[in-house]
J.: 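Supplied in structure tokens, the structure appears directly below.
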Amino acid sequence: MPEAAIAGAGPALPPLYYLHNFEALWRVVDARYADLLLPEELAQMRRFEALPRAARCLFVRLVLRVGPVFRVGRLHYPEIGDIDSALAPLIDSDLASDCAALDIDTLGSLFTRAEIQRCHAVELGEGQRPNKPTLLMAVAGLEESDAARAQRLCAALDERLIRIEGGDTVRLLQLLFFGNSRQSLVDFVLSDLGVASYWPYALSKAQRVFSSRGAVDVYRQADALAERHALWQDGRDRDTLRTLAADALGLASDSDSVVRRIHRLRNRIARDCERAGLPDTALELYVHSEQHPARERRLRVLEAQGATDEALAFAGRVLVQPWCEDEQAAVTTIRQRLLRRIHGTRALRRRDRFSTREMRLPPGTGRVERRAAEALQAEGWLSVRHVENALFNGLFGLAFWDEVFAAVPGAFHHPFQAGPADMFRSDFQLRRRPALERRLQQLAACDLEAELLRMVSRCAGYQCRWIDWRVITPALVQDAVRCIPFRHLVAVWRRLLFDPRENRRGQPDLVLLGGRAGEYQLWEVKGPGDALQPHQRRWLNYLCDIGAPAGVLKVVWGDA
DNA sequence: TCCGCGCTAG
DNA sequence: TTCACACGCTCAA
DNA sequence: GAGCGTGTGTCTCTAGCGCGGAAC
Ligand SMILES: [Mn+2]
Ligand SMILES: [Mn+2]
């Protein structure tokens with residue numbers, strides 16, 4: 001009996017939970033996406049539907065496991081009972097087949113070292129105890145056919161091998177249901193177990209994630225390419241990288257979300273092209289990407305190649321319409337460096353508006369943020385917390401919960417989302433502007449502390465991209481709202497709305513809360529050898545511009 | 001004999 | 001298996 | 001100081017198992 005069940009962490013699942021989940025998923029996909037399935041995929045599912053229950057159970061059990069080949073003798077499912085009788089209809093429906101061939105990899109994953117050695121004792125000798133890779137190499141050296149090997153193993157061990165068909169189809173169904181390849185049927189279980197709970201938002205039935213078979217296929221190709229790129233990391237062979245780059249350039253889709261995915265992938269591969277000394281390949285990829293930081297990287301490559309004039313011209317074009325603040329800042333820095341190099345001109349950078357406080361602490365153990373927090377706590381603050389992005393992001397999530405989870409068309413496709421599909425897209429605010437403005441007015445008029453505490457008790461525990469519930473507790477919300485003036489909170493929220501993706505990062509490390517309104521400070525802690533990152537600098541300047549007490553706390557080690 | 005890893009299941 | 005952050009290095013100025 | 005690579009922790013759960021391999 002698992003510990004979790006004893007602890008009462010979640011309700012027990014019904015005995016056939018996996019079958020029910022799979023069939024529920026299939027009903028949705030059948031209703032929404034049947035037209036995107038190939039005839040054979042659809043036919044497979046119709047054959048599945050016609051199976052007796054035990055066979056359906058066995059299929060779902062196995063198709064969700066690693067497979068696709070299994071040893072029948074190793075299968076034990078009390079709720080299914082006799083495996084052979086459950087298997088027969090599966091085989092009749094071509095959803096499983098007797099597996100007559102056994103390659104070396106499959107041999108190794110299905111059979112233990114001892115079993116393999118026993119079966120080949122005659123040829124390989126009994127004396128040594130080679131490790132498994134060595135043993136498999138030796139077996140491969142026997143040059144037995146896959147068919148003969150399957151037969152020999154099954155005879156020797158009185159075993160039966162089966163292959164489950166339809167794994168690709170089932171993966172496709174999950175992709176269609178979730179609209180991403182990150183989630184799976186596991187999410188059904190985690191939700192039922194209470195490990196993760198999801199807000200009961202309204203689903204948008206009208207809009208589909210994938211509008212055509214082509215979009216799905218390209219998504220899967222991009223996924224496969226990303227996989228190959230991840231695998232490339234340990235070999236780092238230049239020719240392979242060139243192939244990856246070419247394949248990435250070959251991907252195209254008319255779906256915006258798939259295109260975004262492709263462009264991000266191009267950026268990642270291009271970055272490795274830079275590292276691998278393939279600047280021209282990198283440029284080619286960056287030119288065909290509309291996701292930050294493609295243009296910034298493109299500019300850096302041009303600079304490194306010594307193409308100063310071209311770089312300057314390009315920087316000018318970027319700055320006419322920057323994609324985001326981060327790009328604007330980076331490109332401005334590079335442009336001024338280039339100008340200085342050519343003309344010797346020295347452009348003046350706008351001064352920082354925040355100040356830096358130096359703090360001398362005795363050398364000791366623990367992270368510098370914690371040490372600084374303890375020292376500040378001793379100065380009499382009611383509460384000093386290392387919150388980083390969690391505080392403002394969390395208060396934002398509480399304040400705009402209903403707007404975040406509002407039924408905007410295309411926002412929610414399935415019941416396991418922690419936010420709308422367009423949460424971090426540039427038009428998030430645009431598509432909800434009236435509701436957001438109304439909510440802001442409402443927040444201005446109400447008792448904010450009571451309102452946000454009400455939101456905590458209403459929403460606590462539900463998954464939300466903005467809220468880390470370990471940090472956002474009633475006590476913190478109460479203290480923060482009491483101390484931080486409303487006009488500061490509104491300004492912070494507007495900045496988050498302005499660019500939710502970029503601005504959820506870079507917020508100061510520490511928040512210091514006192515007992516009364518206005519008594520608070522925000523500090524970005526910097527130890528020796530650590531420097532402000534550009535987005536941290538932008539947040540600090542913004543906070544100071546709106547009148548918030550924010551700055552850098554520079555820690556130096558030494559005796560006071 | 002013990003430890004670490006991948007996999008499974010709820 | 002990503003993402004955000006810190007750290008420590010090199011290079012140029 | 002700018003830029004880079006790298007390390008660390010991290011809400012993509014968690015206990016239990018079978019196995020392989022190394023320690024003993
Ligand atoms: Mn920090
Ligand atoms: Mn810091």
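Sequence lines set the chain letters: A, B, ... in the order given, protein chains first and strands last, and positions in each chain run from 1.
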J.: Closest approach to the side chain of A:Arg61, judged atom by atom: which nucleotide of C:dC5, D:dG3, B:dA9 is it?
T.: B:dA9
J.: Any base atoms under 4.0 Å from A:Arg297, or only sugar-phosphate, or nothing? Heavy atoms, all strands.
T.: sugar-phosphate
J.: Could you check how far CG of A:Leu532 sits from C1' of D:dA2, rounded to whole Å?
T.: 14 Å
J.: When the nearest nucleotide of DNA chain C is assigned to A:Asn389 and to A:Arg340 on a heavy-atom basis, which residue is associated with the more 5' position?
T.: A:Asn389
J.: So A:Tyr77, base contact, sugar-phosphate only, or nothing? Heavy-atom distance under 4.0 Å.
T.: sugar-phosphate
J.: Could you tell me whether the phosphate oxygens of C:dA6, OP1 or OP2, come under 4.0 Å of any side-chain nitrogen or oxygen in A:Lys526?
T.: yes
J.: Test A:Trp493 against every option in A:Phe400, A:Phe392, A:Phe498 by the ring pair (Phe, Tyr, Trp, His ring centres under 6.0 Å) rule and name the one that passes.
T.: A:Phe400
J.: Check the distance between C:dA6's C1' and A:Arg371's CZ and give it to me in whole angstrom.
T.: 17 Å
J.: When you compare D:dC4 with C:dT1, how far apart are their P atoms, in angstrom units rounded to a whole number?
T.: 25 Å
J.: Under 4.0 Å, heavy atoms only, any strand: does A:Tyr17 hit a base, just the sugar-phosphate, or nothing?
T.: base
J.: Starting the side chain at C-beta, find the nucleotide from B:dG10, C:dA6, D:dG5 nearest to A:Asp530.
T.: C:dA6
J.: Compare the minimum distances between each of C:dA6, D:dG21, D:dG3 and the side chain of A:Arg113, then state the nucleotide with the smallest one.
T.: D:dG21
J.: Nearest whole angstrom, please: distance from the P of B:dC7 to the CG of A:Leu110.
T.: 12 Å
J.: Tell me the interatomic distance from A:Arg367, atom CZ, to C:dC5, atom P, rounded to whole angstroms.
T.: 11 Å
J.: Give me the distance, rounded to whole Å, that separates B:dC5 from D:dT8 when you measure between the P atoms they each carry.
T.: 16 Å
J.: So, OP1 or OP2 of D:dG1: does either fall under 4.0 Å of a side-chain N or O from A:Arg537?
T.: no
J.: Select one nucleotide: of C:dA4, C:dA6, D:dG21, the one nearest the side-chain heavy atoms of A:Asn131.
T.: D:dG21
J.: Report the distance from atom CZ of A:Phe111 to atom C1' of D:dG20, rounded to the nearest whole Å.
T.: 17 Å
J.: Which nucleotide, in any strand shown, forms a Watson-Crick or G-U wobble pair with D:dT10, with both distances under 3.5 Å?
T.: none
J.: Check every strand shown and say whether A:Arg264 touches a base, only sugar-phosphate, or nothing at a heavy-atom separation below 4.0 Å.
T.: nothing
J.: Students often get this wrong, so: under 4.0 angstrom with heavy atoms, is A:His386 touching a base, only sugar-phosphate, or nothing?
T.: nothing
J.: Could A:Arg65 and A:Phe70 be counted as a cation-pi pair, given that NZ or CZ must be under 6.0 Å from the ring centre and within 45° of the axis?
T.: no
J.: Classify the ring geometry between A:Phe405 and A:Phe412 as parallel (under 30°), tilted (30 to 60°) or perpendicular (over 60°).
T.: parallel
J.: Contact class for A:Arg504 vs. all strands (heavy atom < 4.0 Å): base, sugar-phosphate, or nothing?
T.: sugar-phosphate
J.: Take atom CG of A:Leu510 and atom C1' of C:dC5, then tell me their distance rounded to the nearest Å.
T.: 14 Å
J.: Base, sugar-phosphate or nothing for A:Glu227? Non-hydrogen atoms, less than 4.0 Å.
T.: sugar-phosphate
J.: Rounded to whole angstrom, note down the C1' distance from C:dC3 over to D:dT14.
T.: 23 Å
J.: Does the separation of the ring centres of A:Trp466 and A:Phe428 fall below 6.0 angstrom?
T.: no
J.: So what does A:Glu303 hit on the nucleic acid, given a heavy-atom distance under 4.0 Å: a base, only sugar-phosphate, or nothing?
T.: nothing
J.: Check the distance between C:dC3's P and A:Asn393's CG and give it to me in whole angstrom.
T.: 15 Å
J.: Cation over ring, A:Arg61 on A:Tyr18, under 6.0 Å and within 45°?
T.: yes
J.: Would you mind classifying the nucleic acid contact of A:Asp187 as base, sugar-phosphate or nothing, using non-hydrogen atoms under 4.0 angstrom?
T.: nothing
J.: Can you tell which of D:dG3, D:dG21, C:dC5 lies closest to the side chain of A:Arg300?
T.: D:dG3
J.: If the cut-off is 4.0 Å, is A:His535 near the phosphate of C:dA4, judged by side-chain N/O to OP1 or OP2?
T.: no
J.: By the 4.0 Å heavy-atom rule, please label A:Arg182 as base, sugar-phosphate, or nothing.
T.: base
J.: Could you say whether A:Pro528 or A:Ala230 is positioned toward the 5' end of DNA chain C, judged by the nucleotide with the nearest heavy atom to each?
T.: A:Ala230
J.: Could you tell me the separation between the CG atom of A:Leu338 and the C1' atom of C:dA12, rounded to a whole number of Å?
T.: 14 Å
J.: Under 4.0 Å, counting only non-hydrogen atoms across every strand here, what does A:Val66 touch: a base, just sugar-phosphate, or nothing?
T.: sugar-phosphate
J.: With respect to the side chain of A:Gln533, which nucleotide from C:dC5, C:dC7, D:dG5 is positioned closest?
T.: C:dC5
J.: Using modelled atom types only, decide if a donor and an acceptor are shared between the side chain of A:Arg236 and the backbone of A:Gln233 within a distance under 3.5 Å.
T.: yes
J.: Assess whether a salt bridge exists between A:Glu502 and A:Arg538, defined as any Lys/Arg side-chain N lying under 4.0 Å from an Asp/Glu carboxylate O.
T.: yes
J.: Picking from D:dC13, C:dC5, C:dC7, which would you name as closest to the side chain of A:Glu388?
T.: C:dC5
J.: Please state whether the phosphate of D:dG5, meaning OP1 or OP2, lies under 4.0 angstrom from any side-chain nitrogen or oxygen of A:Arg275.
T.: yes
J.: State which of D:dG3, D:dG18, C:dA6 makes the closest approach to the side chain of A:Arg74.
T.: D:dG18
J.: Find out whether the Lys NZ or Arg CZ of A:Arg495 is both under 6.0 angstrom from the six-membered ring centre of A:Trp539 and within 45° of the ring's axis.
T.: yes
J.: Which of the following nucleotides, B:dA9, C:dC5, C:dC7, is nearest to the side chain of A:Arg505?
T.: C:dC5
J.: Scan A:Gln463 against the nucleic acid and name what it touches under 4.0 Å (heavy atoms): base, sugar-phosphate only, or nothing.
T.: nothing
J.: Contact class for A:Gln536 vs. all strands (heavy atom < 4.0 Å): base, sugar-phosphate, or nothing?
T.: sugar-phosphate
J.: Would you mind telling me which of B:dG10, C:dA4, C:dA6 lies closest to the side-chain atoms of A:Val186?
T.: B:dG10
J.: Determine the contact category for A:Gln336: base if any of its heavy atoms lies under 4.0 Å from a base atom, sugar-phosphate if only primed atoms, P, OP1 or OP2 are that close, otherwise nothing.
T.: nothing
J.: How about A:Tyr198 and A:Tyr462: are their ring centroids closer than 6.0 Å?
T.: no
